[in-house]
Colleague: 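Attaching a single structure in structure tokens format; questions to follow.
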Amino acid sequence: MTSGFDDIPFFDEEPLPRNPGPRNPAPGQQASPAAGQTKEGDAKAPPPGLGAGLGIAARAMAARDQHRAPDYLAGLNPEQREAVESLDGPVLVLAGAGTGKTRVLTTRIAHILATNRAFPSQILAVTFTNKAAREMKERVGHLVGGAVEGMPWLGTFHSIGVKLLRRHAELVGLTSDFTILDTDDVVRLIKQLIQAEGLDDKRWPAKQFAAMIDGWKNKGLDPAQIPEGDARAFANGRGRELYTAYQNRLKSLNACDFGDLLLHPIRMFRANPDVLKDYHQRFRYILVDEYQDTNTAQYMWLRLLAQRAAGPVNVCCVGDDDQSIYGWRGAEVDNILRFEKDFPGAKVIKLERNYRSTEHILGAAGFLIAHNEGRLGKTLFTDRVDPNDEKVVVHAAWDSEEEARAVGEEIEQLQRKQHKLNDMAILVRASFQMREFEDRFVTLGLNYRVIGGPRFYERLEIRDAMAYFRMVCQPADDLAFERIVNTPKRGLGDTTVRTLHDYARARDIPMLAAASEIIETDELKPKARKALFDVVTDFRRWQDLLETTPHTELAEQILDDSGYTAMWQNDKSAEAPGRLENLKELIRSMEAFESMRSFLEHVSLVMDAETNENLDAVSIMTLHSAKGLEFETVFLPGWEEGLFPHQRALDEGGRAALEEERRLAYVGITRAKRRCHLWFVSNRRIHGLWQSTMPSRFLDELPPAHVEVAEAETSYGGYGRGGYGQSRFDKQEPFANSYSTPGWKRAQANKTDATRDNWGSRSGHAVERIGYGESGPRGQTIEGQLVAKSTSNEPSKFTVGDRVFHIKFGNGNVAVVEGNKLTIDFDRAGQKRVLDGFVERA
DNA sequence: CCGGTTTGAGTTTTT
DNA sequence: CTCAAACCGG
């Protein structure tokens with residue numbers, strides 16, 4: 001097999017390839033099939049079958065030669081193959097859900113490398129998330145055999161932005177060791193600014209302004225460019241000044257926020273055409289994933305890099321306009337809709353052959369999304385039609401509790417048929433919906449994992465620890481200093497910090513430097529002075545150790561010496577052990593890095609929690625975080641007007657917002673490979689009060705041919721004209737009546753057995769949280785398994801009054817004991833009934 | 001400086 | 001309703 005990989009100098013960064021660009025025809029030329037053939041003929045010793053994919057004849061030749069085509073092209077369908085092989089000129093790949101989008105991207109990279117078109121270092125490949133970048137690296141690596149280290153420009157928009165900035169920081173007024181501030185830092189900084197302006201920080205919440213800045217930066221706007229109306233809308237009309245002040249403060253801190261990671265490179269390129277030209281020469285091929293999610297700033301960034309003066313624009317954007325669900329945070333669907341205008345002569349390739357779902361699921365999703373007007377229009381299809389395939393099922397429930405109960409029941413039934421929990425997911429519109437399912441699954445002893453929410457590095461203890469490390473590496477990081485100067489408590493309260501802050505600002509020096517000066521004076525009370533002296537001494541010592549001590553060792557030492565570890569060791573709260581565990585994890589993860597500095601860099605951009613693959617558990621997440629994932633069985637609860645589509649989308653966003661909600665519904669349905677169950681309830685508690693609800697309009701937009709209504713639970717009303725609502729609830733059925741439906745009876749009959757089975761034969765119940773970190777009902781971070789400590793046959797080892805600890809609800813007192821079922825008064829969560837295997841003595 | 005109490009807000013989330 | 005942040009009193 002002559003794949004051609006052997007002779008590619010993967011690690012060679014700077015020079016041009018040996019056989020660079022003459023094969024690049026002018027844009028537009030490749031639109032003609034004949035050009036494709038000519039190119040084929042011209043190719044310098046191309047691997048057989050490559051460079052084809054345009055004309056019919058060329059394709060036929062490719063087919064003829066297929067047995068000699070490189071491995072990595074085998075198994076691609078014609079459209080995928082065309083997307084992989086159309087290397088010259090702009091290409092837009094409209095890849096529907098489950099049509100092999102990632103495969104196309106990765107294979108395309110492999111193809112570029114295999115045909116010696118470019119060095120790995122000459123390919124710019126951009127994704128949105130680290131996860132996507134990682135996956136791409138992995139898969140390219142798999143295709144080309146571990147040479148991905150040679151692809152330095154594969155990453156997220158932001159990580160590539162950082163890389164550019166570190167190289168050219170001085171061009172935008174930074175030094176290359178600038179800090180990256182996360183949302184939390186930004187909000188605290190803005191709050192300081194608002195206060196410094198003498199504004200009421202309650203009337204003008206820092207969070208809100210941070211969101212405004214974020215919005216402006218998403219649109220690529222400098223303070224001078226923001227709309228007058230926007231500027232007036234905040235801080236008594238001083239929005240623009242505040243934005244300016246913010247940017248100045250960032251500069252003096254030598255810091256960037258996330259938006260700057262995109263905007264600074266744009267500014268830099270515009271002000272320095274020679275630098276831009278360098279990158280034009282470097283990036284011979286550009287690939288963009290999830291193009292429908294790009295915002296204006298990212299678009300500008302891309303345009304700058306793609307507009308090469310000489311040679312074709314070899315840019316390939318992959319996306320799906322039907323899966324654009326981030327309009328509310330600045331994504332411009334328009335970017336993908338007008339790709340052909342932006343890149344004249346662009347080739348548009350649609351991938352519509354779906355490899356994921358049944359015909360019913362595709363039929364339902366396709367019919368639904370066809371109700372949107374602003375789309376390019378794709379229809380997914382599959383050949384794999386099986387008469388046994390289940391239709392999409394619509395279920396009705398009385399309220400959200402019944403909904404959760406019934407979904408739990410369905411899951412247990414599937415489980416009894418040997419279905420893996422890992423193959424099932426519950427996808428909700430809003431995170432408050434998760435709770436009901438969690439509660440239910442805890443009671444059932446069903447393993448689940450919650451995905452989403454604050455990341456590992458956003459957890460309190462991680463951020464604190466990171467602030468210490470930041471201070472050691474970057475003594476000028478005032479935000480870090482303020483965060484930990486009194487954590488743990490050292491008697492350095494607001495008054496002291498304020499004094500110090502003022503002292504530092506007056507002299508325009510960092511706070512740590514100010515601290516070492518101020519302790520020489522008598523401006524502070526002796527007590528504070530001594531405490532501050534200790535802090536300064538500590539940091540001096542750690543800074544000295546930075547060069548000599550291994551960084552993990554130093555990190556440990558910092559946390560111990562500062563008293564931070566001790567602080568959590570002395571903390572009696574339920575989450576303290578978890579936090580200590582997280583700190584250990586933090587240190588562990590540092591081992592993979594060369595230095596504390598490089599670790600800090602990664603943590604601010606790249607770090608996130610990993611799922612425990614070994615645990616079999618149902619996934620619970622929002623529809624937004626489900627994008628890109630797939631499951632055998634998907635449950636979609638809460639399809640009610642006001643929740644889905646969400647009321648706010650209906651109120652504020654007009655048709656565009658409604659269409660985005662519909663795309664969200666489309667994303668939800670297309671996550672399912674084999675089974676897709678939609679639910680709506682007629683009563684839901686919102687902000688504490690019960691409201692009766694109408695079924696979602698999206699349900700009425702589904703095609704009857706691919707959908708059935710679950711008779712078991714409803715027994716009232718069917719699917720069809722007039723919706724679902726009246727049928728069931730206009731009859732004024734009493735609450736109890738729904739409990740006599742066949743579905744409920746079955747549930748009752750199964751429940752006891754199921755519970756017993758669970759306890760007798762399974763190892764127990766485990767809960768995993770990916771992301772969520774802080775305390776409260778959203779829970780502490782819990783991973784791994786709790787082993788059930790009793791079965792139903794034995795009397796409970798707990799008695800009334802025992803003090804117990806529950807993995808989700810925290811500490812509480814046993815109020816009632818019935819066999820192995822306990823009623824517990826939890827300190828924070830209130831009274832709950834739980835199986836005793838879930839609790840341990842506190 | 002700490003802890004209990006009041007108050008207000010309550011889609012979606014990545015970097 | 002339920003949470004987190006702000007507030008106030010010891």
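Naming convention: chains lettered A, B, ... in sequence-line order (proteins, then strands); numbering from 1 in each chain. The model shown is predicted, which means the values in this text are computed figures rather than measured ones.
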Colleague: Identify the two heavy atoms, one from A/Glu641 and one from A/Pro695, that lie closest to each other, and give their separation to 0.1 Å.
Modeller: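 Closest approach of A/Glu641 to A/Pro695: CG-O, 3.4 Å.
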Colleague: Assess, by modelled atom type and distance only, whether the side chains of A/Asn335 and A/Thr294 contain a donor and an acceptor separated by less than 3.5 Å.
Modeller: yes
Colleague: Centres of the A/Phe698 and A/Phe644 rings: under 6.0 Å?
Modeller: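 Distance test on ring centres: under 6.0 Å, yes.
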Colleague: Distance to the ring centre below 6.0 angstrom and angle to the axis at most 45 degrees; does that hold for A/Arg329 and A/Tyr326?
Modeller: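 Yes, A/Arg329 lies over the aromatic ring of A/Tyr326.
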Colleague: Say we look at C/dC3 and B/dT14: how far apart would their P atoms be, to the nearest angstrom?
Modeller: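 Taking atom P in both C/dC3 and B/dT14, they lie 22 Å apart.
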Colleague: The side chain of A/His687 is closest to which nucleotide in this list: B/dT13, B/dG10, B/dT15?
Modeller: B/dG10
Colleague: Kindly say whether the aromatic ring centers of A/Phe234 and A/Trp204 come within a distance under 6.0 Å.
Modeller: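 That pair passes the under 6.0 Å test.
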Colleague: Restricting to side-chain contact (heavy atoms from CB on, under 4.5 Å), what partner residues turn up for A/Leu304, sequence neighbours left out?
Modeller: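 Residues passing side-chain contact (heavy atoms from CB on, under 4.5 Å) with A/Leu304: A/Ile266, A/Phe269, A/Arg270, A/Leu276.
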Colleague: Is the distance from OP1 or OP2 of B/dT15 to the nearest side-chain N or O of A/Asn130 less than 4.0 Å?
Modeller: yes
Colleague: Between A/Leu629 (CG) and B/dT13 (P), how many Å, whole number?
Modeller: 13 Å
Colleague: Does the ring center of A/Trp328 lie less than 6.0 Å from the ring center of A/His646?
Modeller: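 So the answer is no for these two rings.
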Colleague: Do you know which two heavy atoms are closest between A/Ala531 and A/Arg490, and how far apart they sit?
Modeller: CB-O, 3.4 Å
Colleague: In whole angstroms, how far is the P atom of B/dT14 from the CG atom of A/Leu262?
Modeller: 16 Å
Colleague: Can you check the A/Arg684 CZ to C/dC1 P distance for me, whole Å?
Modeller: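 Rounding to the nearest Å, CZ of A/Arg684 and P of C/dC1 are 18 Å apart.
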Colleague: Go through the structure and list residues passing side chain to side chain donor-acceptor pair (under 3.5 Å) with A/Asp651, not counting sequence neighbours.
Modeller: A/Gln647
Colleague: Can you tell me the distance, in whole Å, between the CG atom of A/Asp289 and the P atom of B/dT15?
Modeller: 13 Å
Colleague: For a 4.5 angstrom cut-off between non-hydrogen side-chain atoms, does A/Arg429 reach A/Thr622?
Modeller: no
Colleague: What's the NZ-C1' distance between A/Lys207 and B/dG10, to the nearest Å?
Modeller: 11 Å
Colleague: By nearest heavy atom, map A/Leu623 and A/Lys489 onto DNA chain B; which one lands nearer the 5' end?
Modeller: A/Lys489
Colleague: For C/dT2 and B/dT13, measure between their C1' atoms and round to the nearest Å.
Modeller: 22 Å
Colleague: Regarding A/Asp177 and A/Arg166, does a basic nitrogen lie under 4.0 Å from an acidic carboxylate oxygen?
Modeller: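 The answer is no: the pair does not qualify as a salt bridge.
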Colleague: Could you list the residues that satisfy side-chain contact (heavy atoms from CB on, under 4.5 Å) with A/Asp321, not counting sequence neighbours?
Modeller: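 Per chain and number, A/Asp321 pairs via side-chain contact (heavy atoms from CB on, under 4.5 Å) with A/Leu94, A/Val333, A/Ile336, A/Leu337, A/Arg375, A/Leu376, A/Lys378.
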Colleague: Is A/Leu181 touching bases, backbone alone, or none of the nucleic acid, heavy atoms closer than 4.0 Å?
Modeller: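 Counting heavy atoms under 4.0 Å across all strands, no contact is made by A/Leu181.
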Colleague: Please confirm whether the shortest side-chain N or O distance from A/Ser159 to OP1 or OP2 of B/dT15 is below 4.0 Å.
Modeller: no
Colleague: Taking the same atom, P, in C/dA5 and in B/dT12, what whole-Å distance lies between them?
Modeller: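 Nearest-Å result for C/dA5 against B/dT12 at atom P: 16 Å.
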Colleague: What's the closest nucleotide to the side chain of A/Ala430 if the choices are B/dT15, B/dT11, C/dA6?
Modeller: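 Among B/dT15, B/dT11, C/dA6, the one nearest the side chain of A/Ala430 is B/dT11.
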Colleague: Counting heavy atoms from C-beta on, name the nucleotide in B/dC2, B/dT11, C/dC3 closest to the side chain of A/Arg435.
Modeller: C/dC3
Colleague: Any residue in residues 318-329 of chain A with a heavy atom nearer than 4.0 angstrom to DNA chain B? Just list them by number, or reply none.
Modeller: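 The stretch gives A/Tyr326, A/Trp328, A/Arg329 as the residues lying under 4.0 Å from the strand, ordered by number.
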Colleague: Name the nucleic acid region contacted by A/Gln433, choosing base, sugar-phosphate or nothing; use a 4.0 angstrom heavy-atom cut-off, strictly under.
Modeller: nothing
Colleague: Given B/dT14, B/dT11, B/dT13, which nucleotide is nearest the side-chain atoms of A/His624?
Modeller: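 The listed nucleotide nearest to A/His624's side chain is B/dT13.
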Colleague: Counting just side-chain N and O atoms, does A/Thr622 come under 4.0 Å of either OP1 or OP2 of B/dT13?
Modeller: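 Checking B/dT13 against A/Thr622, a side-chain N or O does come within under 4.0 Å of OP1 or OP2.
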Colleague: Using only heavy-atom distances, determine whether the side chains of A/Glu436 and A/Ser400 contain a donor-acceptor pair under 3.5 Å.
Modeller: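 The criterion, which ignores hydrogens and geometry beyond distance, is satisfied for A/Ser400 and A/Glu436.
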Colleague: With DNA chain B as reference, determine whether A/Arg648 or A/Leu492 sits nearer its 5' end, using the nearest nucleotide of each.
Modeller: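 Counting from the 5' end, the first nearest nucleotide belongs to A/Leu492.
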Colleague: Between the protein and nucleotides 7-10 of chain C, which nitrogen or oxygen pairs are less than 3.5 angstrom apart?
Modeller:
residue : atom : partner  : partner atom : Å
C/dC7   : OP1  : A/Lys202 : NZ           : 2.2

Colleague: Looking only at side-chain atoms of A/Ala649, point me to the closest of B/dT15, C/dA6, B/dT11.
Modeller: B/dT11
Colleague: Measure from CG on A/Leu427 to P on B/dT12 and round the result to the nearest Å.
Modeller: 15 Å
Colleague: By a 5.5 angstrom centroid cut-off and a 30 degree plane limit, is there stacking between A/His646 and B/dT11?
Modeller: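 Given the distance and angle limits, yes, they stack.
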Colleague: Going by the glycosidic torsion and a 90 degree boundary from 0, is the base of B/dT11 oriented syn or anti?
Modeller: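 This nucleotide is in syn.
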Colleague: Nearest-Å distance, CG (A/Asp185) to C1' (B/dT15)?
Modeller: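 Rounded to whole Å, this separation is 13 Å.
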Colleague: Do A/Phe157 and A/Trp301 have ring centres separated by under 6.0 Å?
Modeller: yes
Colleague: Is A/Gly491 touching bases, backbone alone, or none of the nucleic acid, heavy atoms closer than 4.0 Å?
Modeller: sugar-phosphate
Colleague: According to a 3.5 Å limit on both distances, what stems of 3 or more consecutive Watson-Crick or G-U pairs are formed with DNA chain B?
Modeller: B:1-10 with C:1-10
Colleague: Take the protein atom CD of A/Gln691 and the nucleotide atom P of B/dG10, then report the distance between them rounded to whole Å.
Modeller: 16 Å
Colleague: Under 4.0 Å: is that the gap between some side-chain N or O of A/Lys217 and OP1 or OP2 of B/dT14?
Modeller: no
